[in-house]
Amino acid sequence: MDNNAVLTMRHISKNFPGVVALSDVDFTLRAGEIHALMGENGAGKSTLIKVLTGVEEFETGTIRMAGMDHDLINKSPQMAQGNGISTVYQEVNLCPNLSVAENLFLGREPKRAGIIDWKTMNKKSREILGNLNIDIDVTRSLEHYSLALQQMFAIARAVDLSARVLILDEPTSSLDEHEVEKLFSLMKKLKGDGVGIIFVTHFLEQVYKVCDKITVLRNGCLVGEYEVENLPRVQLVAKMMGKDFDDVSAIKKEKKIIEEDANIKIIEAKALAHEGSIKPFDLVLKKGEVIGLSGLLGSGRSELARAIYGADKPDEGELFVKGQKIVVSAPIDAMKSGMSYLPENRKEEGIIAELSVRENIIIALQAKKGMFKLLGKKEQEEFADKYIELLQIKTASRETPIKQLSGGNQQKVILGRWLLTNPEFLILDEPTRGIDIGTKTEIQKLVLKLAGEGMSVMFISSEIEEMIRTCSRMIVMRDGRKVGELEEHELSQMSIMKAIAGGSENE
Amino acid sequence: MSSSKSLIKKVTGFRLFLPLACLFLVLIINVIKTPTFFNITIQNGVLYGYIIDVINRGSELVIFAVGMTLVVAASGGTDISVGAVSALAGAVCCFVLSGGEQSTDFYHAPYILGVVAAILIGAICGAWNGFLVAKLKIQPMVATLILFTAGRGIAQLLTDGQMIYLRVDHFKMLGASIPGVPLPTPVFVAIIVVILTYFLLKKTALGLYIETVGCNSKAARLVGLNSTAIKFLTYTFCGFCSGIAGLIITSRVYSIDANNAGLNLELDAILAVALGGNSLGGGKFSLLGSVIGAYTIQALTTTLYAMSISADQIPVYKAIVVVIIVTLQSPEFTKMRTALAAKIASGKTAKEAA
Ligand SMILES: Nc1ncnc2c1ncn2[C@@H]1O[C@H](COP(=O)(O)OP(=O)(O)OP(=O)(O)O)[C@@H](O)[C@H]1O
Ligand SMILES: [Mg+2]
């Protein structure tokens, strides 16, 4: 039956100090199939991929590729590419200061007479991106583009390398529905061409939309391989978590915003603007409110949050916190007035890679307290343990460098960092990015609980479902402008999509 | 068995294991080459011997290395002006104390004034570097190149291109020893600088801030740190250290020779940081590692002198040893080493099982 297999991995084991990342895992990929690799945060999905593509070495096991008469051991991603395995890793690893075109052709630049042929390169880049309906200036450096676009570039690059195996490790984590659709049609086309695709995601509906097979990992062990149609959603979740869990059980919003709270304006922005990204903007946020920001990519939803927090200093406008006008010239000013901001780009702006989980958790609180009020060692450890426990962070110890954690667990650490500062106003930009389904629900519950206790929250997510569950009001943005506002009773998938698309004038 | 294995793991996993191992390696070579290396004698109530000499002569390097460590950690770059700044600081001190005369046997101004002036000029130079790097975002190497070349020139201007001699016994004490104290003064100065810096880093959040900024300055900003101020601070502190080192250097020869004081010490300081197991890319650092690195380099220099290798050949030998040590600490080599250790350990287990 497995005559069709392009890739077979058998008895793969990999240990990290103190962690069994993979233990005796089998995995089979067939030509022309889309194969979902599922598991909780830290289950070993990315490790399996890294072992396959030569980022990490494995200890035991064999890897075979069809048409090869010997075992395959890739020593580096380049070698894997040479062997027909093309990969988009979980964290975008392109060069921020090179142009988009350079990034797309890094290591395989078109040359003429030994010199890089820029013209061809830029032209080809536009073509490649054109296939994904992306129309941007390919000569600008990568850092000018949003994380979602960067993710699309990484995908475009991988897809362009003609490969027999395509690996996508959480490629959709910061994509909108729209981009996800583009990606899926591309994947289906490649599938038709006989490419085997490994697809890692925490979005179950995406699995059921495009995948043929599912392999589930739990704690580094193989749980099993299933046909998609034979594994209903509830069972899949149970297999991933090792226990029954009803992820769709709606979280009940306890919308009993206390009467007097509702009159306290925590945040009021008047004509706040940032050149090039957001037009003058008014916003009022009450105590205990969870407000959602939605809009297409580049609509300015993240930029608005950044302007309020001072991550990008606003050029115009005024900001009031509890009625007091404040001037935010750096994030520390915003923090001092009770704000916290979880950025979207975990790798670039979130984690402090070399430092431990403990240090990563306490750093914001420590910065807020100031240099001379060092938190005691005991205290730091208690804080760290508290959030490791609360957010179920899977780490060998609290002193483990954060870079050794799985992507989802890093995200939890950063979330813990901001919760620890106990803000009055919490801005969350894609807080559940890369977080598994069980914890995602926990985090949504937590947000509602905190709001119930009087915290105001600004919630940005490309997952509309998640926003409907948590937000009591939603602002819809387009082209850096507020184009709509939806009250709680108006919130539904349909109404939001409609407001975002804006009566199809852009589509 | 498993406990002995975990002990080995613990010891080799200890951050300072490699720097210490390198130091021991150099010391062992020393003992083989010079059996009297660890001998200590007392003359006139002062200790003498090779090892004392290493500790004494290494003092300036230790002080430079302390400042350099923080600069490297916070900015991921190096300050190549430290040697020149120390010469300038020394020149300022001599100028103040000699009242501008070329040779004098009494102070023309209170001693403390000379000391303060030297340290101050060091800190000002550091602040200048810090301004260029942190505020204007100039590459550290390029920014500090300015004082690297101009520092000695300014010192020359100040001393009119001449050497200044301060033949005052009191002035020699900082670089030699205080009557009744068995160890040379520089040793104490170095220890004090190290201890004070250590406490500054550990008893305040400064150490954590520096590591955070050096590791990811964008993230550091978002968690509320002022990356610019912290980088500026480390450069200023580095200049401050250069000022102190400059005082010792001048005191040793009770004169200032702006062309040669502290010459090439910036390279040794950077090496000391690297030998200490610190990444030159910034981020996490170990102050103690750099101190060990500094003494390692000094021990090496002393060995080479003891082997009567001429001064102009010494860099060649130093380079060879440094290549070896740096290779030993490289990530690729570490990988090989851990793989080997795992193999040996598993081999042992298998044998024991059989
Ligand atoms: N370089 C490393 N050093 C030490 N431990 C590591 C390293 N990389 C991964 N691990 C550990 O291996 C385990 C599996 O991690 P992996 O990244 O494969 O998880 P994942 O399934 O991809 O999770 P996520 O959904 O969060 O991305 C985790 O416990 C992680 O802490
Ligand atoms: Mg992963």
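Each chain gets a letter, A, B and so on, in the order the sequences are listed, and its residues count up from 1. Since this is a predicted model, take the numbers as computed values, not measurements.
Heavy-atom pairs under 4.5 Å with chain A were tallied for B:A205, B:A220, B:S279; the largest tally goes to B:A205. Between chain B and the options A:E59, A:R417, A:E348, A:R306, heavy-atom pairs under 4.5 Å are most frequent for A:E348.
Note that CE of A:M371 is 8.5 Å distant from CD1 of B:I230, once rounded to the nearest 0.5 Å.
Pairing each heavy atom of B:T204 with each of A:F372, the nearest pair is CG2-CD2, 3.9 Å. Smallest separation of non-hydrogen atoms from A:W418 and B:L222: CH2-O, 3.2 Å. Residues A:A353 and B:C215 share a closest heavy-atom pair of N-SG, 3.7 Å. Taking all atoms of both residues into account, the shortest heavy-atom contact from B:L225 to A:A367 is CD2-CB, 3.5 Å.
Between B:L208 and A:L355, the closest side-chain pair of non-hydrogen atoms falls below 4.5 Å.
Heavy-atom distances place the backbone of A:K347, and not its side chain, under 4.5 Å from chain B.
A side-chain donor-acceptor contact under 3.5 Å links B:N216 to the backbone of A:I351. Judged by distance alone, with hydrogens and angles left aside, the side-chain atoms of B:R221 form no donor-acceptor pair with the main-chain N or O of A:P331 at under 3.5 Å.
In the displayed structure, A:F16 atom CZ is contacted under 6.0 Å by more than 12 heavy atoms of other residues, nucleotides or ligands. Counting non-hydrogen atoms of other residues, nucleotides and ligands closer than 6.0 Å to CE of B:M141 gives a total of 12 or fewer.
At a threshold of 4.0 Å, the pair A:E359-B:K284 counts as salt-bridged, since one of the basic side-chain nitrogens sits closer than that to a carboxylate oxygen.
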